[in-house]
Amino acid sequence: MSAAKKIVGVWEKVSTNGGPQLGYKGCTLVEMAPLRLICFGGFGGGYSNEAWLLDIRGDEEATWFHIQVEGILPPRRAYHSGVEFNGNLIIFGGVNQLTLLNDVWQLMIDWIPDESVAWRPGETPLRPVGNWQKVQVRQEGPRPNKRQGHTASMISENDAMLIIGGYDGSEYLVDAWIFNFETQNWTMPRVHGVPPAPRAAHCMGLVTPPFSDTQNSGLAYIYGGYNNQGCLGDIAVLAIGHDGHVAWDAEYTDAVQGPAPMPRYGAAAAVYEGNIYIFGGTGPVKSYKKNVDYRVVSYDEILVLSFSNPFRPAWRLDPKRRNFTGARPIPRHGHAIAATSGQGFQSCLVVTGGSTQGSFAPRDPAPRLLRDVAVLSLGVFRRGTIEDDLTYVTTNSLNNSLF
């Protein structure tokens with residue numbers, strides 16, 4: 001896992017020490033510190049409310065730490081959302097064996113010395129411990145329906161979380177809600193423009209607008225998903241204004257260039273260096289001679305929505321697998337993905353979990369749940385020191401509750 005061993009654009013299957021015993025899908029993976037991520041929840045032999053910290057800084061293997069938590073645990077769930085805010089893991093919604101959910105929880109983490117923990121040479125062995133708190137919404141007004149399969153992202157300018165879409169048990173949704181962490185209130189903004197089709201199991205990436213756009217603070221690109229009409233392959237852009245104006249923006253949507261990827265649901269997206277990376281998902285494969293769907297497959301390709309020209313973002317597809325080589329992960333959907341980087345280390349995408357159900361890939365003829373970890377290297381950061389890295393952990397420990 002060291003920078004010296006990495007080549008940009010190459011997949012690597014990572015050996016892991018410890019970790020969940022069963023495969024899982026519908027979990028979330030969120031970067032909390034350089035090359036350290038938290039995986040929460042999911043479904044695998046039952047719904048889970050476990051939190052695991054994945055440390056991928058090791059030279060030879062990654063290490064899973066089961067986070068021992070205090071206080072009341074959130075209900076078990078899968079197909080929820082997760083974001084990081086002020087060093088805390090924030091989760092919203094999801095589903096379990098009893099009900100759909102629309103609650104908000106935060107996980108605060110601290111690091112305590114523990115000599116029994118295997119750690120890198122020269123470092124003080126530390127073990128993560130956590131404390132869950134349910135976020136009490138202060139208002140009595142409207143709030144999002146209970147839902148699963150939605151997407152969430154942070155609006156950094158406003159210290160707020162944006163959620164879009166999902167499935168509430170009877171209808172597919174395309175509504176947008178914003179949770180403000182300062183006021184601890186939900187708002188459903190008046191959304192202008194023509195909305196895309198309702199959907200769940202889509203993916204989303206929130207990027208900064210071009211420099212000439214002085215009206216908006218963020219652009220949320222949503223792609224794919226599933227609804228009553230089947231699998232979706234369109235893209236839509238929700239523009240979030242500095243003044244609170246929110247709109248489905250046809251101009252930004254129409255500006256997307258390049259051949260569109262095949263429709264799919266259950267893919268996962270992460271933003272790195274202003275580009276949106278999408279991996280996996282399940283969707284139809286068409287017979288182009290007859291223009292009909294004849295089977296469903298899971299994908300193992302990386303789709304990139306490139307913003308090298310921010311005024312005309314373009315799809316960069318890799319159908320012949322030439323751009324991203326190495327030990328490509330098994331095709332899947334319902335997995336989790338996150339981008340992470342650290343001083344002196346490679347920046348990378350991390351993929352874990354998911355299901356191969358529906359996959360016709362020769363490498364995996366028997367559908368199953370997965371618990372592997374794969375890394376796609378994206379770039380090299382400057383050489384840092386262990387002390388630099390530990391300083392980040394200290395200053396970003398999840399020990400300051402906002403609620």
Query raised in the report: Under the ring-ring contact (aromatic ring centres under 6.0 Å, His included) criterion, do His333 and Tyr265 qualify, and how do the steps go?
Result: CA-CA 7 Å; His333 73 261; Tyr265 72 94; 5.5 Å; yes
Requested in this report: Would you mind checking if Arg264 and Glu301 are paired as a salt bridge, meaning a charged N to carboxylate O distance below 4.0 Å?
Outcome: yes
Query raised in the report: Take atom CD1 in Ile112; do more than 12 heavy atoms of anything else shown fall under 6.0 Å from it?
Result: yes
Query - Option passing ring-ring contact (aromatic ring centres under 6.0 Å, His included) with Phe40 (candidates Trp132, Trp52, Phe92) - result: Trp132
Requested in this report: State whether Asp110 and Arg127 are salt-bridged, where the test is any N-O pair (Lys NZ or Arg NE/NH1/NH2 against Asp/Glu carboxylate O) under 4.0 Å.
Outcome: no
Query - OH on Tyr252 to CG on Asp213, rounded to 0.5 Å - result: 3.5 Å
Report task. In plain terms, say whether Arg147 and Asp175 are close enough for a salt bridge, that is, a side-chain N and a carboxylate O under 4.0 Å apart. Result -> yes
**Report entry** Contacts of type ring-ring contact (aromatic ring centres under 6.0 Å, His included), residue Tyr24, not counting sequence neighbours
**Finding:** none
Query raised in the report: Hey, what's the ring geometry for His245 with His192, parallel, tilted or perpendicular (30° and 60° as the breaks)?
Result: parallel
Query - More than 12 heavy atoms of other groups within 6.0 Å of Gln215 CD - result: no
Query raised in the report: Under the 3.5 angstrom rule, does the side chain of Arg328 hit a backbone N or O of Asp300 as a donor-acceptor pair?
Result: yes
Report task. Decide, yes or no, whether a salt bridge links Asp254 with Arg312 under the criterion of side-chain N to carboxylate O below 4.0 Å. Result -> no
